[in-house]
Amino acid sequence: VSDGLSLDIMRSLVELGNEKIQPHDDAVLIIGNTGVGKSTLLNHITGAEFKVEQIMVGMKIEYTLKLKNPDHSRPKIGASLLSETSFPNKYDHEGNVYWDCPGFGDTKGYEQDIANAFYVKKLFEVPLRVKIIVVLSDDQFAGRSKEFMALLTKLQSFGGNFAAIKDSVSFVLTKVPKGNNLKKYR
């Protein structure tokens, strides 16, 4: 294809989604753009313990959360702006089913980003009842409202009539700088 998209890659990713995403009664979908903290949030919801690590980014010290006891049963937390989650991962916790979805705006390329949208749409179609947690980072919500509106448009395209699902949607704001005035988010 002239724009660099590989139809073979997209086909294999979509086939994987059709094979792995199975019907279930209820689900909580955790969605948002790449790098906003979806996997970190799911780890928190499911009771993981964290430690804070300092990292140098250029000449600036930044802080990042790491799992105290990482294991393969927990969502892996990305440590950079590169995509970590490439396929929706299902986690059962205390009778609830959570899907840690790959992010929109995936850094692995257009094929993966298109497949990610397909996966999320398929997850909307499979359960009888779905709850949605939309994860937004501070800069995405407060500084770049265009990204926020694009995310809402994607959400509406997956669920059809937004008015019908609005009571099933929660928003979580991450990466808010310490001491930030929360009034700017209203």
Side-chain angles (χ1 to χ4, degrees), residues 1-48 67 69-137 147 150-162 164-165 168-172 174:
V1 178
S2 62
D3 63 2
L5 289 177
S6 169
L7 294 179
D8 290 335
I9 291 173
M10 285 193 327
R11 186 178 304 112
S12 66
L13 290 169
V14 167
E15 286 172 2
L16 178 67
N18 278 328
E19 176 186 318
K20 299 255 183 191
I21 298 172
Q22 299 299 316
H24 48 277
D25 290 339
D26 298 325
V28 178
L29 307 183
I30 301 177
I31 65 172
N33 287 349
T34 294
V36 296
K38 297 176 299 298
S39 300
T40 303
L41 177 64
L42 181 54
N43 273 299
H44 176 70
I45 289 170
T46 58
L67 291 171
N69 302 304
D71 63 54
H72 296 294
S73 68
R74 294 207 162 272
K76 187 172 179 186
I77 298 173
S80 69
L81 293 178
L82 299 177
S83 305
E84 184 62 50
T85 306
S86 297
F87 186 81
N89 293 301
K90 181 180 175 183
Y91 296 92
D92 294 302
H93 179 72
E94 296 181 356
N96 296 306
V97 173
Y98 296 92
W99 285 92
D100 182 21
C101 296
F104 304 118
D106 197 284
T107 59
K108 293 181 182 102
Y110 294 116
E111 297 91 351
Q112 185 69 51
D113 203 34
I114 291 168
N116 293 351
F118 168 79
Y119 299 151
V120 173
K121 181 145 181 65
K122 185 163 177 71
L123 284 168
F124 268 90
E125 295 168 353
V126 171
L128 297 176
R129 291 177 300 272
V130 65
K131 300 274 187 198
I132 302 129
I133 299 174
V134 180
V135 184
L136 305 156
S137 67
E147 282 187 35
L151 185 61
L152 289 181
T153 301
K154 278 184 185 172
L155 178 61
Q156 186 170 3
S157 72
F158 297 132
N161 179 2
F162 188 76
I165 64 168
S168 298
V169 178
S170 298
F171 294 91
V172 174
T174 62

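Keep in mind that the numbers below use all heavy atoms, side chains included, and drop hydrogens, waters and symmetry copies.
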| task | To the nearest 0.5 angstrom, please state how far the CD1 atom of Ile132 sits from the CZ atom of Phe171. | result | 9.0 Å
| Distance in Å, Asp71 CG paired with Lys76 NZ, rounded so as to fall on 0.5 Å steps | 13.0 Å
| note | To the nearest 0.5 Å, atom NZ of Lys38 lies from atom CD1 of Ile30 at 9.5 Å
| said: Whether the side chain of Arg74 engages the backbone of Thr46 through a donor-acceptor N/O pair (distance < 3.5 Å, no angle test) should be reported. | reply: yes
| Main-chain N/O of Asp100 paired with Lys90 side-chain donor or acceptor, under 3.5 Å | no
| query | Heavy atoms, side chains only, cut-off 4.5 Å: are Val135 and Ile31 in contact? | reply | no
| said: So Pro88 and Ile21, do their side chains get closer than 4.5 Å, heavy atoms only? | reply: yes
| field | Distance (rounded to the nearest 0.5 Å) between Phe87 CZ and Gln112 CD | value | 10.0 Å
| request: Mind checking the OG-CG spacing from Ser39 to Leu67? Nearest 0.5 Å is all I need. | output: 9.5 Å
| query | Any donor and acceptor pair, going by atom type alone, linking the side chain of Thr174 with main-chain N or O of Val36 inside 3.5 Å? | reply | yes
| CH2-CG distance between Trp99 and Asn89, expressed to the nearest 0.5 angstrom | 8.0 Å
| task | Check for a donor-acceptor pair, side chain of Asn116 on one end and backbone N or O of Gly103 on the other, with a separation under 3.5 Å. | result | yes
| query | Does Ile133 reach the side chain of Ile45, with side-chain heavy atoms less than 4.5 Å apart? | reply | yes
| said: For His44, I'd like to know if atom NE2 has over 12 heavy atoms of other residues, nucleotides or ligands within 6.0 Å. | reply: no
| request: Report yes if the side chains of Val120 and Phe104 come closer than 4.5 Å at any heavy-atom pair, otherwise no. | output: yes
| If we only count heavy atoms from C-beta on, is the Val134 to Val172 side-chain gap below 4.5 Å? | no
| query | Going through the distances and angles, do Tyr91 and Val97 end up as a side chain to side chain contact (heavy atoms under 4.5 Å, CB included)? | reply | CA-CA 6 Å; Tyr91 296 92; Val97 173; over 6 Å; no
| query | Side chain of Tyr119, backbone of Leu13: donor and acceptor closer than 3.5 Å? | reply | yes
| field | Val130 and Leu29, any side-chain heavy atoms less than 4.5 Å apart | value | yes
